[in-house]
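Reviewing the structure listed below.
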Amino acid sequence: MGWSHELLGARERLLWARLTVFAGSFDAATAQAVCADAQLPEIRPPLDRLVHKSIVTEEGGRHRMLGMIREYGMEWLRRLGEDSRLARRHREHYLFLAQRADEEWYGPAQAEWADWAHTELPNLRAALDDGLAEPAGLELAGTLWFVWVCLGHTREGRYYLDKVLEAHPMAGPARTKALWAAAWVAGAQGDLRTAERRAREAQAEARRRGDDTAAGYATYVLGAMRLLRGDLRQADTLTRQAVDHFQRADRPEIGLPVAEAARALLHNLRGEYEQALAVLKPQRERCTARGEMWALSYGDHMRSQAELALGEVQAADASAREALDAKWRLGDAAGSAMVLDQLAATAVARHDPECAAYLLGTARRLWNTIGLPQFGSAGLAVARADTERRAREVLGDAAYEAAYAVGLTVEPQSSIDRIRARKPQ
């Protein structure tokens with residue numbers, strides 16, 4: 001590597017060193033934004049030469065360095081005294097992109113930003129690891145709430161949010177956002193006590209500042225935790241308050257259709273299925289008008305619950321399948337597990353108990369990657385237990401356990417493919 005390094009021109013050597021700030025892969029536009037300056041105004045020609053010399057590999061428009069080559073370049077970056085400056089530029093650039101993603105998450109670019117986040121996750125981790133004590137680190141961890149909550153990276157989100165909240169105890173807008181994001185993530189893991197504590201703190205901070213957006217998210221999480229605990233009266237009050245906050249917010253927020261989906265779940269748990277469907281009608285219209293799919297998928301899930309309870313089995317199955325398509329496309333593991341539980345319920349209603357057992361096994365496999373099954377909620381667990389009971393009654397214990405074991409051991413993608421291949425009845 002030293003010999004290869006000596007054969008390169010000054011700009012290629014400098015770019016080699018600077019590119020080591022990236023973890024995993026990167027594209028040319030991002031490399032230009034992070035690495036270019038007066039010494040290196042245009043990175044494309046030296047980047048192409050590094051690719052030609054096999055210092056950098058390129059595939060599908062993405063570039064990367066092998067481990068040893070990157071380590072060699074990192075040593076040169078330290079010798080040049082540029083390691084801190086490049087790390088800061090890297091962190092600030094990814095914060096800028098994350099802020100754009102957050103702003104556009106409630107809209108038609110949602111799937112594109114989901115793909116960006118999954119692809120850039122190594123760089124997002126690197127930016128956070130290097131900047132936990134920096135204000136930009138606090139802001140980045142909270143801004144990435146949609147990665148932690150919507151895209152299946154719950155455990156990483158819990159780690160980073162807990163770290164930045166510990167490092168930044170002073171109240172402020174960035175900390176408030178990190179608080180409600182941390183509350184949402186803790187709730188998704190079934191840690192309802194921590195979720196409520198974080199959400200109450202975020203709610204108090206937001207209300208002191210008159211920040212309806214942050215107050216809406218914090219209040220929604222509190223309402224969702226009450227739902228999971230089975231306290232439907234408090235859940236009713238809090239989810240209403242969340243809706244009110246979002247309606248007063250400065251801009252449209254995805255929290256509004258999410259809170260509406262929570263209100264639909266509340267009605268379902270009360271047996272008020274027609275009321276749930278009435279809530280979900282404007283929720284669907286709102287999401288469809290914005291080209292949004294994640295919050296809509298939660299509405300479709302709640303719609304499936306109501307339809308199944310009203311005896312509309314085919315409609316319930318179709319709604320659940322639509323919900324699963326969106327959740328799986330985005331990488332929402334918790335949401336996918338919930339819908340698989342629901343599809344198991346529709347399978348029993350379709351007189352296919354073997355499929356129900358299989359899907360319950362697949363759902364359990366996904367739940368195991370997140371936290372507590374059904375978020376630790378006794379109310380949600382009741383529906384799942386009823387599905388299991390009905391499937392066992394038809395199949396018998398041995399056949400049920402065999403089908404369940406298959407679902408538990410296969411890759412979830414296989415189950416998704418099986419659902420998609422089945423023709424609607």
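For reference, positions follow the sequence shown, starting with 1.
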Could you tell me whether the side chains of Glu307 and Ser319 share a donor-acceptor contact shorter than 3.5 Å?
-> yes
Going through the distances and angles, do Tyr94 and Leu128 end up as a side-chain contact (heavy atoms from CB on, under 4.5 Å)?
-> CA-CA 10 Å; Tyr94 277 97; Leu128 286 165; over 6 Å; no
Derivation of the side-chain contact (heavy atoms from CB on, under 4.5 Å) call for Leu324 and Ile416 = CA-CA 8 Å; Leu324 184 63; Ile416 306 303; 3.7 Å; yes
Could you check Asp231, Leu238, Asp191, Leu192 and say which one makes a side chain to side chain contact (heavy atoms under 4.5 Å, CB included) with Met225?
-> Leu192
Looking at Arg100 and Glu104, does any basic side-chain N land under 4.0 Å from a carboxylate oxygen?
-> yes
Sorted by first residue and then second, give each ring-ring contact (aromatic ring centres under 6.0 Å, His included) pair with at least one member in residues 345-375; sequence neighbours left out.
-> Trp367-Phe375
Shortest non-hydrogen contact between Ala242 and Thr219, atoms and distance | N-CG2, 3.8 Å
Rounded to the nearest 0.5 Å, the CE atom of Met302 sits from the CG atom of Asn268 at a distance of 7.5 Å
Non-hydrogen side-chain atoms of Arg284 and Leu280 separated by less than 4.5 Å = no
With rounding to the nearest 0.5 Å, note down the distance linking OG1 in Thr57 to CZ in Arg62.
-> 11.5 Å
Between Ser297 and Asp300, does any side-chain donor sit less than 3.5 Å from a side-chain acceptor?
-> no
For the pair Glu388 and Arg392, find out whether any cationic side-chain nitrogen is under 4.0 Å from an anionic carboxylate oxygen.
-> yes
Side-chain heavy atoms of Leu227 within contact of Leu269, under 4.5 Å = yes
Would you call the rings of Tyr400 and Tyr404 parallel, tilted or perpendicular, where under 30° means parallel and over 60° means perpendicular?
-> parallel
Between the side chains of Asp27 and His63, is a donor N or O closer than 3.5 angstrom to an acceptor N or O?
-> no
Does Asp115 come within less than 4.0 Å of Arg329, counting only side-chain N to carboxylate O?
-> yes
Minimal non-hydrogen separation, Ala214 against Thr176, with atom names | CB-CG2, 3.8 Å
Under 4.5 Å between any side-chain heavy atoms of Trp145 and Asp102, yes or no?
-> yes
Residues Gln342 and Ser304: side-chain donor-acceptor under 3.5 angstrom | yes
Could you give all pairs that pass the ring-ring contact (aromatic ring centres under 6.0 Å, His included) test and reach residues 309-341, with sequence neighbours left out?
-> none
Please check if the side chain of Arg89 supplies one atom and the backbone of Val34 the other of a donor-acceptor pair under 3.5 Å.
-> yes
Assess whether side-chain contact (heavy atoms from CB on, under 4.5 Å) is satisfied between Arg85 and Arg18, documenting all intermediate values.
-> CA-CA 10 Å; Arg85 184 176 73 89; Arg18 290 180 177 181; 3.3 Å; yes
Side-chain contact test, heavy atoms from C-beta onward, threshold under 4.5 Å: evaluate it for Asp332 versus Val149 and give yes or no.
-> no
Please examine the side chains of Met170 and Arg175, heavy atoms only from C-beta on, and report whether any two atoms are closer than 4.5 Å.
-> no
Scan side-chain atoms only and decide if Gln110 and Trp294 contain a donor-acceptor pair under the 3.5 Å cut-off.
-> no
With Arg91 via side chain to side chain donor-acceptor pair (under 3.5 Å) - residues at least two apart | Asp130
Short side-chain donor-acceptor distance under 3.5 Å, Arg44 and Gln32 = no
Does the side-chain contact (heavy atoms from CB on, under 4.5 Å) test come out yes or no for Cys35 and Leu19, once each step is laid out?
-> CA-CA 7 Å; Cys35 299; Leu19 289 175; 4.0 Å; yes
Going by heavy atoms in the side chains, are Met293 and Glu322 under 4.5 Å from each other?
-> no
Intermediate values then yes/no, side-chain hydrogen bond (donor to acceptor under 3.5 Å, both in side chains), Asn123 and Glu120 | CA-CA 5 Å; Asn123 282 304; Glu120 294 286 6; 2.9 Å; yes
Check Tyr217 against Phe246 and note the closest heavy-atom contact, atom names and distance.
-> N-CZ, 3.4 Å
Evaluate whether atom NE2 of His52 has more than 12 neighbouring non-hydrogen atoms of other residues, nucleotides or ligands under 6.0 angstrom away.
-> no
Mind checking what makes salt bridge (Lys or Arg N to Asp or Glu O under 4.0 Å) contact with Asp236, not counting sequence neighbours?
-> Arg240, Arg263, Arg270
Which atom pair, heavy atoms only, marks the closest approach of Ala295 to Val258?
-> CB-CG2, 3.9 Å
Partner set under side chain to side chain donor-acceptor pair (under 3.5 Å) for His301, not counting sequence neighbours | none
Distance-only side-chain donor-acceptor flag, Thr143 / Gln99, under 3.5 Å | no
Leu151 side, atom CG; Trp116 side, atom CH2 - distance, nearest 0.5 Å = 10.0 Å
From OG1 (Thr237) to CZ (Arg226), nearest 0.5 Å | 11.5 Å
Cation over ring, Arg64 on Phe22, under 6.0 Å and within 45°?
-> no
Between Tyr220 and Trp184, does a ring pair (Phe, Tyr, Trp, His ring centres under 6.0 Å) hold up when you go through it step by step?
-> CA-CA 9 Å; Tyr220 158 73; Trp184 204 337; 5.2 Å; yes
Does some side-chain heavy atom of Gln305 sit less than 4.5 Å from a side-chain heavy atom of Leu310?
-> no
Flag yes if more than 12 heavy atoms outside Gln413 fall under 6.0 Å of its CD atom; otherwise flag no.
-> yes
Any side-chain heavy-atom pair of Val348 and Asp386 under 4.5 Å | no
OG1 (Thr346) and CG (Asp341) are apart, to the nearest 0.5 Å, by 11.0 Å
With no hydrogens and no angle check, do the side chains of Glu253 and Tyr106 hold a donor and an acceptor under 3.5 Å apart?
-> no
Does a side chain donor of either Lys327 or Ser336 reach within less than 3.5 Å of an acceptor in the other side chain?
-> no
Taking only Lys NZ, Arg NE, NH1 and NH2, and the carboxylate oxygens of Asp or Glu, determine whether Arg229 and Glu196 approach each other closer than 4.0 Å.
-> yes
Without hydrogens or angle criteria, can the side chains of Arg155 and Thr369 be said to hold a donor-acceptor pair below 3.5 Å?
-> no
Looking at CZ of Arg286 and CG of Leu256, how far apart are the two atoms once the value is rounded to the nearest 0.5 Å?
-> 4.0 Å
Could you list all the ring-ring contact (aromatic ring centres under 6.0 Å, His included) pairs where at least one residue sits in residues 262-283, not counting sequence neighbours?
-> none
Mind listing the closest non-hydrogen atom pair of Ala320 and Val339 along with its distance?
-> O-CG1, 3.2 Å
Heavy-atom pair with the smallest gap, counting every atom of Arg321 and Ile419 = NH1-O, 3.2 Å
Going by the side chain to side chain contact (heavy atoms under 4.5 Å, CB included) test, name the single residue among Leu165, Val185, Val221 that passes it with Arg198.
-> Leu165
